[in-house]
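What follows is a single structure, written as structure tokens, with notes after it.
Everything numeric in this text was worked out from a predicted model, so none of it was measured. Within every chain, numbering begins at 1; the chains are lettered A, B, ... in the order of the sequence lines, protein sequences first and strands thereafter. Side-chain atoms are counted along with the backbone in the values below, which use heavy atoms only and exclude waters and symmetry mates.
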4 protein chains.
Amino acid sequence: MRSSGGTKAKAKAKAGSGARWRRRKDARPSEIAAAALECFAERGFAACSLDDIAARAGVSKGTLYLYFRNKEELFKAVVRQALLPRIALFEEKAAATDPAPRQLERFISAWPALIAAPHLGAIPKLMIAEAGNFPELARFYLEEVIGRARSLIIGIIRRGIERGELRRVDPEAAFFSVVAPLLIAVLWKQTFERQDKQALDVEALCRTHLAILLRGLAQDAKR
Amino acid sequence: MRSSGGTKAKAKAKAGSGARWRRRKDARPSEIAAAALECFAERGFAACSLDDIAARAGVSKGTLYLYFRNKEELFKAVVRQALLPRIALFEEKAAATDPAPRQLERFISAWPALIAAPHLGAIPKLMIAEAGNFPELARFYLEEVIGRARSLIIGIIRRGIERGELRRVDPEAAFFSVVAPLLIAVLWKQTFERQDKQALDVEALCRTHLAILLRGLAQDAKR
Amino acid sequence: MRSSGGTKAKAKAKAGSGARWRRRKDARPSEIAAAALECFAERGFAACSLDDIAARAGVSKGTLYLYFRNKEELFKAVVRQALLPRIALFEEKAAATDPAPRQLERFISAWPALIAAPHLGAIPKLMIAEAGNFPELARFYLEEVIGRARSLIIGIIRRGIERGELRRVDPEAAFFSVVAPLLIAVLWKQTFERQDKQALDVEALCRTHLAILLRGLAQDAKR
Amino acid sequence: MRSSGGTKAKAKAKAGSGARWRRRKDARPSEIAAAALECFAERGFAACSLDDIAARAGVSKGTLYLYFRNKEELFKAVVRQALLPRIALFEEKAAATDPAPRQLERFISAWPALIAAPHLGAIPKLMIAEAGNFPELARFYLEEVIGRARSLIIGIIRRGIERGELRRVDPEAAFFSVVAPLLIAVLWKQTFERQDKQALDVEALCRTHLAILLRGLAQDAKR
DNA sequence: GATGAATGAGATTTCATTCAT
DNA sequence: GATGAATGAAATCTCATTCAT
């Protein structure tokens with residue numbers, strides 16, 4: 001978030017000499033952010049000290065402040081950075097012209113792989129824990145992440161109903177039926193697997209979820 | 001700002017009859033627990049100071065230590081006390097001999113009323129946020145709450161399949177399909193309604209969830 | 001500044017038992033303020049650490065925060081408290097009906113005793129050093145201290161001129177001629193005596209100042 | 001915010017002729033000193049960070065250390081450099097053979113112009129604020145600046161008395177009567193004008209001061 | 001010579017916990 | 001039992017100083 005434009009320009013200019021150091025410098029913010037996300041995910045915002053984060057990132061405490069104004073800004077930056085690259089992905093798939101059931105299947109089947117990305121899985125948990133303390137961030141998440149997912153899913157359902165592919169349900173409410181098991185899967189992994197190794201079979205969960213969902217939404221066989 | 005109002009009220013109570021004071025005294029632990037739960041739910045364990053809790057409970061900070069060994073014990077006690085009375089309720093309904101769809105319907109329809117209870121709704125959120133920091137508590141929750149709910153639901157599904165009331169699905173995985181939308185509803189209320197007043201229509205959600213679920217689990221129509 | 005009203009009421013109520021402790025508590029803020037003023041006077045606001053102040057006041061660092069919200073508030077409170085009791089004194093002498101030269105004499109002669117008071121002498125130095133960093137405090141000092149002194153002195157001079165006791169001068173500008181040597185005396189003591197023991201004979205300074213001033217302001221001998 | 005403007009300007013200079021750069025390089029220390037003096041004057045020694053100074057001087061923080069061993073040395077150098085050129089001026093006027101009143105008049109009349117020099121005005125304020133933390137510097141100031149001024153003024157007064165131009169007063173004490181209003185004028189400008197725009201009419205102040213002083217010191221009209 | 005990223009010591013501030021009353 | 005003043009350990013944050021480039 002800080003000084004990115006200027007330094008890049010200079011890096012190009014100097015090119016040869018200080019390349020390694022420069023690359024290091026450019027990498028610092030994301031190294032720190034990664035360490036911080038890990039730490040926040042494990043212990044929560046408040047319980048995670050800057051000492052921990054600094055140590056995990058392999059820098060001194062003071063260095064954190066070169067890149068983030070304070071702990072809260074670090075947290076917000078970390079969450080935003082974890083989300084931003086993914087937000088775009090949502091949209092591009094939205095316009096698909098496949099039948100609704102096929103689209104839902106694609107969406108749900110992709111989940112196990114998506115969840116495996118370590119950075120992303122922690123976000124919902126952090127949002128649930130800290131929404132009250134970071135209202136601004138909560139609003140961002142609500143609009144940019146949940147809002148988009150919601151539009152996407154509701155669009156699929158609504159078009160499915162119009163085309164007669166799905167039976168008539170309240171699309172708003174059905175959104176929760178579609179995503180809830182997926183979210184619970186992420187939360188479960190972050191909450192209970194961390195310590196007790198209560199492994200959850202996400203594949204099976206998604207398979208069963210999809211089966212029940214598609215049947216549940218299916219148009220009554222020719223009647 | 002420093003809890004003046006509360007203490008004055010107490011001073012008055014003290015002056016009154018011994019009986020009222022006695023009742024008050026016996027109530028102290030649960031009053032404190034209630035205040036603590038409220039506070040923890042709003043801000044999380046670490047961000048919630050004992051000053052806040054004491055002020056909210058209308059007692060002095062020192063008094064907290066008469067009833068709870070330290071902040072962690074207070075947290076654990078608070079969570080346990082919120083859960084214990086509910087745990088028994090689960091079991092008694094488990095033996096029901098109703099058909100599986102009817103049992104699921106009863107379970108899901110009861111949800112809106114259940115999560116209106118202010119104390120209970122905060123627990124899942126707190127568990128998600130703090131499981132990592134309170135492994136012992138997480139284990140308790142996993143076994144005594146989730147475990148029981150799981151046995152109950154899985155039992156219903158399994159018997160439903162055996163009796164031919166439900167079609168054949170993986171009961172373990174179906175458990176998530178049953179409870180996920182319900183949990184997400186609680187979490188949503190705790191996470192986003194607090195500030196943005198993004199009111200969620202839990203009734204509609206449950207109705208739609210039930211409709212989809214029962215269809216999704218239904219045995220193929222007479223074949 | 002904090003919680004004074006409530007505690008006093010209670011102190012009366014409890015009266016007997018906790019007298020010593022209570023007296024201690026009531027005394028704390030001024031003990032701390034005294035230590036802080038000493039420390040600030042010696043080293044300046046920024047160079048004086050809360051560790052120093054706490055040690056000098058014989059309390060722990062945390063205790064400072066029971067009575068003052070932060071270091072800046074402590075500073076402001078310390079300056080204000082050192083000034084407030086003195087401000088009233090100014091006014092009462094203002095209405096005097098003595099001849100102007102006599103009034104000036106009384107004012108200037110009182111100075112050596114006034115600046116012997118250790119608490120008061122440090123204030124002008126601190127104001128000069130920190131006015132830029134504490135604009136609000138500077139305004140308070142300007143209005144409540146300098147402003148009053150100014151009105152007083154200008155009033156004396158103006159009336160003196162009207163009555164023909166003093167010759168005609170610009171009262172605004174003459175104010176500085178009256179007070180400047182007195183202020184410089186205080187500043188000198190705070191600035192150079194502290195270390196080099198360059199003792200300044202304030203009595204002689206005031207005597208000479210008065211002699212020159214009264215002659216300088218005297219009406220031309222009957223002409 | 002981070003001194004981008006300054007560095008760009010320099011980059012351009014670097015590209016130009018060697019001569020200009022050279023001149024720039026030689027000027028560095030005094031540019032830095034000027035920036036530092038400004039900054040110290042505004043906020044005081046401790047409250048003024050090297051970041052501020054570097055930014056104001058248009059150099060990087062590291063560069064400061066090429067010219068000054070550390071912050072304290074920078075401060076001392078800055079004060080000394082502001083004073084040194086002026087010290088010589090004092091002496092040369094000391095030997096004047098004018099009558100004492102005329103010499104005092106010249107001295108005091110020169111003050112408004114002297115004060116206007118921005119660099120010089122800050123020194124007394126800084127000395128008052130920091131004498132306790134820089135005893136060595138205080139001694140230097142006491143001897144080289146105040147001491148010289150004192151010798152000068154006392155010499156004038158003493159010779160004035162001897163020649164019968166002034167009446168008999170304690171020259172040591174009279175020194176304060178001469179300089180105090182002038183010093184207070186500087187201090188006032190540095191302390192209160194900075195923010196509240198409480199403009200002080202230094203000309204009027206000096207005029208009135210001179211009038212009172214000369215009358216106050218004047219030999220009794222032939223009696 | 002000049003830079004500015006990095007450091008770590010030290011500052012302020014918070015808060016769970018204790019204990020005299 | 002109840003209080004709340006006091007503590008001190010630990011947290012966040014700042015900044016003078018260093019040093020690889």
Side-chain angles (χ1 to χ4, degrees), chain A residues 3 7 10 14 16-22 24-25 28 46-52 54 59-72 74, chain B residues 2-3 7 10 14 21 24-25 28 46-54 59-67 69-72 74, chain C residues 3 7 10 14 16-22 24-26 28 46-52 54 59-72 74, chain D residues 2-3 7 10 14 21 24-25 28 46-54 59-72 74:
Chain A
S3 76
T7 17
K10 232 185 305 166
K14 286 206 177 178
S17 77
R20 207 185 57 213
W21 189 37
R22 184 60 41 142
R24 193 77 199 267
K25 187 207 152 184
R28 275 285 145 86
C48 172
S49 86
L50 294 181
D51 271 306
D52 296 332
V59 301
S60 78
K61 242 182 323 177
T63 299
L64 301 183
Y65 287 85
L66 292 178
Y67 299 101
F68 304 94
R69 222 176 55 236
N70 55 37
K71 196 186 177 186
E72 297 206 352
L74 170 57
Chain B
R2 278 286 178 163
S3 78
T7 15
K10 217 187 327 157
K14 214 173 198 171
W21 189 42
R24 189 78 199 247
K25 205 179 81 180
R28 276 283 151 83
C48 173
S49 83
L50 292 185
D51 269 306
D52 295 332
I53 296 173
V59 300
S60 79
K61 222 180 352 169
T63 299
L64 302 182
Y65 285 82
L66 295 176
Y67 298 103
R69 221 175 62 236
N70 56 35
K71 197 186 178 188
E72 299 208 350
L74 170 58
Chain C
S3 75
T7 17
K10 232 185 309 167
K14 286 205 176 178
S17 77
R20 208 184 58 215
W21 188 36
R22 185 61 42 141
R24 193 76 200 266
K25 187 209 154 184
D26 290 347
R28 274 285 145 84
C48 173
S49 86
L50 293 182
D51 272 305
D52 296 334
V59 300
S60 78
K61 242 183 322 176
T63 299
L64 302 182
Y65 286 85
L66 292 178
Y67 298 102
F68 303 95
R69 221 175 58 234
N70 56 36
K71 195 186 178 186
E72 297 207 353
L74 170 58
Chain D
R2 280 285 175 165
S3 79
T7 15
K10 220 187 322 158
K14 215 172 201 169
W21 189 43
R24 189 78 199 248
K25 205 178 83 180
R28 277 281 152 84
C48 173
S49 83
L50 293 184
D51 270 306
D52 294 332
I53 297 173
V59 300
S60 77
K61 223 180 351 169
T63 300
L64 302 182
Y65 285 83
L66 294 176
Y67 298 105
F68 305 94
R69 221 175 62 236
N70 56 36
K71 196 187 179 186
E72 299 208 350
L74 170 58

Exercise. Rounded to the nearest Å, what distance is computed from the CG atom of residue D:L64 to the C1' atom of nucleotide F:dA16?
Worked result: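 Those two atoms, CG and C1', are 10 Å apart.
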Exercise. Taking atom P of F:dC15 as reference, at what distance in whole Å does atom CD1 of D:I53 sit?
Worked result: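 Atom-to-atom, D:I53 to F:dC15, this comes out as 12 Å.
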Exercise. Hey, mind stepping through A:L50 and A:Y65 against side chain to side chain contact (heavy atoms under 4.5 Å, CB included) and telling me if it holds?
Worked result: CA-CA 10 Å; A:L50 294 181; A:Y65 287 85; 3.1 Å; yes
Seminar exercise, completed: For DNA chain E, the expected dot-bracket line (Watson-Crick or G-U under 3.5 Å, [ ] crossing, | inter-strand) is .||||||||||||||||||||
For this session: To the nearest 0.5 angstrom, please state how far the CG atom of D:L64 sits from the NZ atom of D:K71.
Result: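 The NZ atom of D:K71 is 11.0 Å from CG of D:L64, to the nearest 0.5 Å.
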Exercise. Can B:L74 and B:I53 be said to form a side chain to side chain contact (heavy atoms under 4.5 Å, CB included), step by step?
Worked result: CA-CA 11 Å; B:L74 170 58; B:I53 296 173; 4.1 Å; yes
Problem set entry | A:A47: side-chain contact (heavy atoms from CB on, under 4.5 Å) partners, not counting sequence neighbours |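 Applying side-chain contact (heavy atoms from CB on, under 4.5 Å) to A:A47 gives A:R43, B:N133.
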Problem set entry | Listed partners of D:K61 passing salt bridge (charged side-chain N to carboxylate O under 4.0 Å, His left out), at least two apart |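 So D:K61 forms a salt bridge (charged side-chain N to carboxylate O under 4.0 Å, His left out) with D:D51.
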Problem set entry | Listed nucleotide nearest any side-chain atom of B:Y67, set E:dA5, F:dG1, E:dG4 |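 Comparing E:dA5, F:dG1, E:dG4 against the side chain of B:Y67, the answer is F:dG1.
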Problem set entry | Phosphate-side-chain proximity, B:T63 and F:dA2, N/O vs OP1/OP2 below 4.0 Å |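 False: B:T63 side-chain N/O out of range (4.0 Å or more) of F:dA2 OP1/OP2.
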Could you list, one pair per line, each protein nitrogen or oxygen that sits under 3.5 Å from a nitrogen or oxygen of nucleotides 10-14 of chain F, together with the distance?
from, atom 1, to, atom 2, distance (Å)
F:dT12, OP1, A:K71, NZ, 2.9
F:dT12, OP2, A:L50, N, 3.0
F:dC13, OP2, A:Y65, OH, 2.8
F:dC13, OP2, A:K71, N, 3.0
F:dC13, O5', A:Y65, OH, 3.2
F:dC13, N4, A:K61, NZ, 3.4

